[in-house]
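In what follows, every heavy atom counts, from backbone to side chain, and hydrogens, waters and symmetry copies are set aside.
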Amino acid sequence: MPRLFASFNDDFPHRTGFEWLSRDEAEVDAYVADERCGFPFSAGPAYDWLRASRRVNDPDRLALMPRDLPVHLAAGTLDPCNQGMTLVDALLDDYREHGVSDLTWKGYEGARHEILNESEPDRTAVHEDLTAWLDAHTL
């Protein structure tokens with residue numbers, strides 16, 4: 001598991017090993033300094049993560065999703081978890097296949113994994129965009 005996440009940093013400078021999270025060095029440093037972050041998964045949490053991933057993506061579970069539920073996805077275009085926005089596209093396709101029609105997404109050019117902790121001006125843009133989306137979809 002540690003090697004899996006270590007490879008996420010391959011395309012970025014190797015100052016801490018966690019540059020894949022954000023372009024904001026202060027945020028990366030805060031992550032590294034937090035004892036609750038950056039530790040390798042043991043077998044138990046890794047197994048739970050894989051089981052949860054399979055369960056969330058189970059077609060029978062997706063079929064239970066309310067068709068009128070609005071969904072907005074936001075991601076950094078350089079997030080290694082997203083593999084060049086292909087995972088966002090696949091997720092949107094899954095939602096469409098199950099009848100969800102109020103789908104929107106936005107990719108933040110050059111942003112990495114933690115878009116809420118990105119450098120400016122993206123940090124402000126992400127917060128404003130998400131707030132506007134939530135305001136537009138509040139009942």
> Mind listing the closest non-hydrogen atom pair of Pro70 and Asp102 along with its distance?
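Shortest heavy-atom contact: CB-OD2, 3.3 Å.
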
> Might you point out which heavy atoms bring Glu109 and Arg23 nearest each other, and give the distance in Å?
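The answer is O-NH1, 4.0 Å.
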
> Compare all side-chain heavy atoms of Arg96 with those of Leu92 and state whether any distance is below 4.5 angstrom.
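Contact flag for Arg96/Leu92 side chains = yes.
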
> Heavy-atom distance under 4.5 Å between the side chains of Leu73 and Lys106, does that happen here?
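No. Closest side-chain heavy atoms not under 4.5 Å.
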
> Looking only at atom types and distance, does a side-chain atom of His127 sit under 3.5 Å from a main-chain N or O of Leu116, one as donor and one as acceptor?
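Checked: pair present.
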
> Looking only at side-chain N and O atoms, does Thr124 offer a donor or acceptor that is under 3.5 Å from a partner on Glu120?
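The criterion, which ignores hydrogens and geometry beyond distance, is satisfied for Thr124 and Glu120.
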
> So do Asn117 and Leu21 actually touch side chain to side chain, heavy atoms under 4.5 Å?
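Sidechains of Asn117 and Leu21: no contact.
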
> Quick one: does Tyr108's side chain get under 4.5 Å of Leu78's, heavy atoms only?
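No; the side chains remain at least 4.5 Å from each other.
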
> Taking the side chain as C-beta and beyond, is there a heavy-atom pair between Cys81 and Trp20 under 4.5 Å?
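A side-chain contact under 4.5 Å exists here.
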
> Could you check Glu114, Arg112, His113 and say which one makes a side-chain contact (heavy atoms from CB on, under 4.5 Å) with Asp79?
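Considering Glu114, Arg112, His113, a side-chain contact (heavy atoms from CB on, under 4.5 Å) with Asp79 is found only for His113.
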
> Any side-chain to backbone donor/acceptor pair from Glu19 onto Gly17? Under 3.5 Å, distance only.
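It does hold such a pair.
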
> Return the minimal non-hydrogen interatomic distance between Ala74 and Leu130, and the atom names on each side.
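Smallest heavy-atom distance, with atoms named: CB-CD2, 4.3 Å.
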
> Would you call Glu27-Arg123 a salt bridge at under 4.0 Å N-O?
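Salt bridge between Glu27 and Arg123, a charged N being under 4.0 Å from a carboxylate O: yes.
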
> Is there a side-chain contact between Glu25 and Arg15 (heavy atoms, below 4.5 Å)?
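A side-chain contact exists here, since the closest heavy-atom pair is under 4.5 Å.
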
> Donor-acceptor check, side chain of Thr77 to backbone of Gly110, threshold 3.5 angstrom: yes or no?
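Judged by distance alone, yes, a pair lies under 3.5 Å.
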
> Taking all atoms of both residues into account, what is the closest heavy-atom pair of Thr16 and Asp29, and its distance?
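Minimum heavy-atom separation between Thr16 and Asp29: CG2-OD1, 4.0 Å.
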
> Hydrophobic clustering (ILVMFWY, side-chain heavy atoms < 4.5 Å, transitive) - are Val126 and Leu134 grouped together?
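Each belongs to a different hydrophobic cluster.
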
> Can you give me the closest heavy-atom contact between Leu62 and Arg67, atom names plus distance?
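Closest heavy-atom pair between Leu62 and Arg67: O-NH1, 4.5 Å.
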
> Using every non-hydrogen atom in the two residues, find where Ile115 and Ala75 come nearest and quote the distance to one decimal.
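What the structure gives for the nearest pair is CG2-C, 3.8 Å.
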
> For Tyr31 and Phe18, indicate whether the former's side chain and the latter's backbone hold a donor-acceptor pair under 3.5 Å.
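No: the side chain of Tyr31 does not pair with the backbone of Phe18.
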
> Hydrophobic clustering (ILVMFWY, side-chain heavy atoms < 4.5 Å, transitive) - are Leu103 and Trp133 grouped together?
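In one cluster with Trp133: Leu103, no.
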
> Rounded at 0.5 Å granularity, tell me how far CG in Asp58 sits from OG in Ser53.
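Nearest 0.5 Å value for the CG-OG distance: 12.5 Å.
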
> Is there a side-chain contact between Met65 and Leu69 in this structure, where contact means two heavy atoms from C-beta onward sitting under 4.5 Å apart?
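Met65 reaches Leu69 side chain to side chain.
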
> Compare all side-chain heavy atoms of Val71 with those of Val100 and state whether any distance is below 4.5 angstrom.
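Yes, close enough: below the 4.5 Å cut-off.
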
